[in-house]
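Written below as structure tokens is the structure these notes are about.
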Amino acid sequence: MKKVLFVNQDITPYVAETELSVMGRLAPQKVQENGCEIRTFMPRWGNINERRGQLHEVIRLSGINITIDDTDHPLIIKVASIPMTKVQVYFIDNEEFFTRKAQVADNDGVMFADNGERASFFAHGVIATIKKLRWTPDVIHCQGWMSALVPLYIKKAYNEELGLDNVKVVTSLFDQPQQEAMAENTKNCIAFNEGEARELLTKYNDAMTSRELEKIAIDYSDGVIKTSANIDDDIMKYAEGAGVKILDCQDSNFAQSYIEFYEKL
């Protein structure tokens with residue numbers, strides 16, 4: 001039985017229904033129904049109704065600090081079960097990053113400048129929680145650019161911990177809103193192990209964007225899934241040039257294709 005960790009930017013019904021949030025829900029559910037053991041994570045966005053969603057904090061998993069650009073940020077873990085399914089969702093929470101009443105942009109559609117820093121915290125938080133759970137996945141499947149730093153950290157920062165040196169990483173690409181400019185310190189926020197990642201990041205633009213995050217995800221993934229016919233041509237060409245295995249899968253009956261793709265990696 002494959003163990004598959006899903007790292008999702010959005011999951012319905014906790015946030016509004018989009019192509020990304022629907023797949024955030026369906027991919028774990030369908031893969032689980034096809035015989036895999038799964039865990040799934042998403043940020044605890046500030047617009048999530050915790051009472052309606054029945055979220056509750058998991059004290060034994062909370063309480064560690066994650067250092068981003070020399071600043072410590074407390075990690076809070078909450079959990080809930082998606083109604084009418086057997087899927088449990090772990091939520092990565094932090095008062096500074098995830099209490100604002102929006103997800104990646106304000107009410108005027110302006111993307112938050114610290115989204116790169118939030119993505120870094122989210123990725124570190126997921127991996128720290130998996131370590132505490134003592135659950136080692138065979139495959140990590142990332143959906144949405146907010147999860148894009150997970151492949152980098154798995155391959156370069158945590159690759160020798162808890163058997164993660166053998167894990168395969170998959171990134172699904174979506175037709176989702178892009179962020180053209182992040183804070184000037186975004187690369188510092190992405191760096192780890194006293195700056196070890198800075199050399200790895202020199203190939204990417206200093207002016208970090210969500211597109212650059214997607215390129216990082218592609219470079220450190222073993223496989224990429226094209227989920228829509230509307231994926232930006234440049235990012236697909238980048239994936240093709242990176243030599244990563246690509247699955248073009250826009251079928252509603254995707255679960256078996258995903259599992260077969262995992263097996264080929």
Side-chain angles (χ1 to χ4, degrees), residues 7-10 18-20 24 42-43 66-71 92 97-98 102-106 109-127 140-159 169-228 230-246:
V7 187
N8 303 288
Q9 181 169 327
D10 294 334
T18 63
E19 180 183 57
L20 179 61
M42 72 173 288
I66 293 175
T67 303
I68 308 291
D69 198 18
D70 297 326
T71 301
I92 299 295
F97 294 135
F98 298 118
Q103 289 167 236
V104 298
D106 63 22
V110 178
M111 297 272 190
F112 297 121
D114 67 345
N115 277 339
E117 188 174 359
R118 298 167 90 203
S120 179
F121 181 87
F122 178 51
H124 283 297
V126 169
I127 297 168
I140 297 177
H141 191 153
C142 302
Q143 302 195 103
W145 56 254
M146 186 57 69
S147 68
L149 295 176
V150 171
L152 170 66
Y153 294 156
I154 288 295
K155 297 293 186 178
K156 293 298 181 180
Y158 300 94
N159 56 314
V169 182
V170 174
T171 292
S172 284
L173 298 175
F174 289 84
D175 179 21
Q176 63 178 124
Q178 294 293 319
Q179 180 164 1
E180 294 306 317
M182 294 183 179
E184 291 184 2
N185 70 330
T186 298
K187 277 193 175 181
N188 288 338
C189 294
I190 294 173
F192 54 85
N193 294 349
E194 297 184 356
E196 180 182 327
R198 289 186 177 89
E199 184 175 346
L200 301 175
L201 296 173
T202 54
K203 68 175 289 188
Y204 308 103
N205 290 333
D206 288 334
M208 292 296 292
T209 67
S210 55
R211 186 67 76 208
E212 294 300 298
L213 294 186
E214 289 179 322
K215 291 177 181 178
I216 294 172
I218 290 167
D219 285 337
Y220 293 97
S221 292
D222 299 285
V224 167
I225 298 177
K226 181 182 180 182
T227 64
S228 167
N230 298 320
I231 304 298
D232 183 81
D233 287 342
D234 288 341
I235 202 66
M236 288 310 305
K237 288 177 182 176
Y238 188 90
E240 292 164 2
V244 65
K245 289 184 173 64
I246 298 174

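Index from 1, following the sequence.
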* To do: Could you name each residue pair satisfying salt bridge (charged side-chain N to carboxylate O under 4.0 Å, His left out) that touches residues 176-190, not counting sequence neighbours?
  => Lys187-Asp206
* **Partners passing side chain to side chain donor-acceptor pair (under 3.5 Å) against Thr186 (at least two apart in sequence or in another chain)** => none
* Asked: Any side-chain heavy atom of Val104 sitting closer than 4.5 Å to one from Met111?
  -> yes
* Check: Tyr204 main-chain N/O paired with Glu212 side-chain donor or acceptor under 3.5 Å -> no
* Passing option when Phe174 is tested against Gln9, Glu214, Gln143 for side-chain contact (heavy atoms from CB on, under 4.5 Å) -> Gln143
* **Side-chain heavy-atom pair Val244, Tyr220 within 4.5 angstrom cut-off** => no
* Structure fact -> When rounded to the nearest 0.5 Å, the distance separating CE of Met146 from CG of Leu213 is 8.5 Å
* Asked: Got Pro43 and Gln103 here, is their nearest side-chain heavy-atom distance under 4.5 Å?
  -> no
* Asked: Can you check whether Asp222 reaches Lys155 side chain to side chain, under 4.5 Å on heavy atoms?
  -> yes
* To do: For Ile140 and Val7, run side chain to side chain contact (heavy atoms under 4.5 Å, CB included): C-alpha distance rounded to whole Å, both residues' side-chain angles, the deciding distance at 0.1 Å, then the answer.
  => CA-CA 7 Å; Ile140 297 177; Val7 187; 4.0 Å; yes
* Between atom CD1 of Ile154 and atom CG of Leu152, what is the distance when rounded to the nearest 0.5 Å? -> 10.0 Å
* Going by heavy atoms in the side chains, are Ile225 and Val170 under 4.5 Å from each other? -> yes
* Output all residues satisfying side-chain contact (heavy atoms from CB on, under 4.5 Å) with Ser210, sequence neighbours left out; order by chain, then residue number. => Trp145, Gln178, Gln179, Met182
* Roughly how far apart are Thr171 OG1 and Lys215 NZ, rounded to 0.5 Å? -> 15.0 Å
* Is there side-chain contact between Gln176 and Asp10, with heavy atoms separated by less than 4.5 Å? -> no
* Take Phe112 and Glu117, measure what side chain to side chain contact (heavy atoms under 4.5 Å, CB included) needs, and give me the verdict at the end. => CA-CA 10 Å; Phe112 297 121; Glu117 188 174 359; over 6 Å; no
* Which heavy atom of Ala242 sits nearest a heavy atom of Ile218, and at what distance? -> CB-CG2, 3.9 Å
* Asked: So among Ser147, Ser172, Ser221, which one has a side-chain hydrogen bond (donor to acceptor under 3.5 Å, both in side chains) with His141?
  -> Ser172
* **Donor-acceptor under 3.5 Å (Asn188 side chain, Asn185 main chain)** => no
* Is a side-chain donor or acceptor of Asp232 paired with a backbone partner of Ile235 at a separation under 3.5 angstrom? -> yes
* Go through the steps to decide whether Leu20 and Asn8 satisfy the test side chain to side chain contact (heavy atoms under 4.5 Å, CB included), and finish with yes or no. => CA-CA 9 Å; Leu20 179 61; Asn8 303 288; over 6 Å; no
* To do: Taking all heavy atoms of Ala105 and all of Ala102, pick out the closest pair and write down the distance.
  => O-CB, 3.1 Å
* For Asp106, check side chain to side chain donor-acceptor pair (under 3.5 Å) against everything at least two apart and list the hits. => none
* Structure fact -> Value for CZ (Phe122) from CZ (Phe98), rounded to nearest 0.5 Å, stands at 7.0 Å
* To do: Starting at CG of Leu201, measure out to CE of Met208 and round the result to the nearest 0.5 Å.
  => 6.5 Å
* Asked: By side chain to side chain donor-acceptor pair (under 3.5 Å), which residues pair with Thr227, not counting sequence neighbours?
  -> none
* Any Phe121 side-chain heavy atom under 4.5 Å of Cys189 side chain -> no
* **With Lys203 via side chain to side chain donor-acceptor pair (under 3.5 Å) - residues at least two apart** => Asp219, Tyr238
* So, do Ser228 and Glu19 sit near enough that their side-chain heavy atoms are less than 4.5 Å apart? -> yes
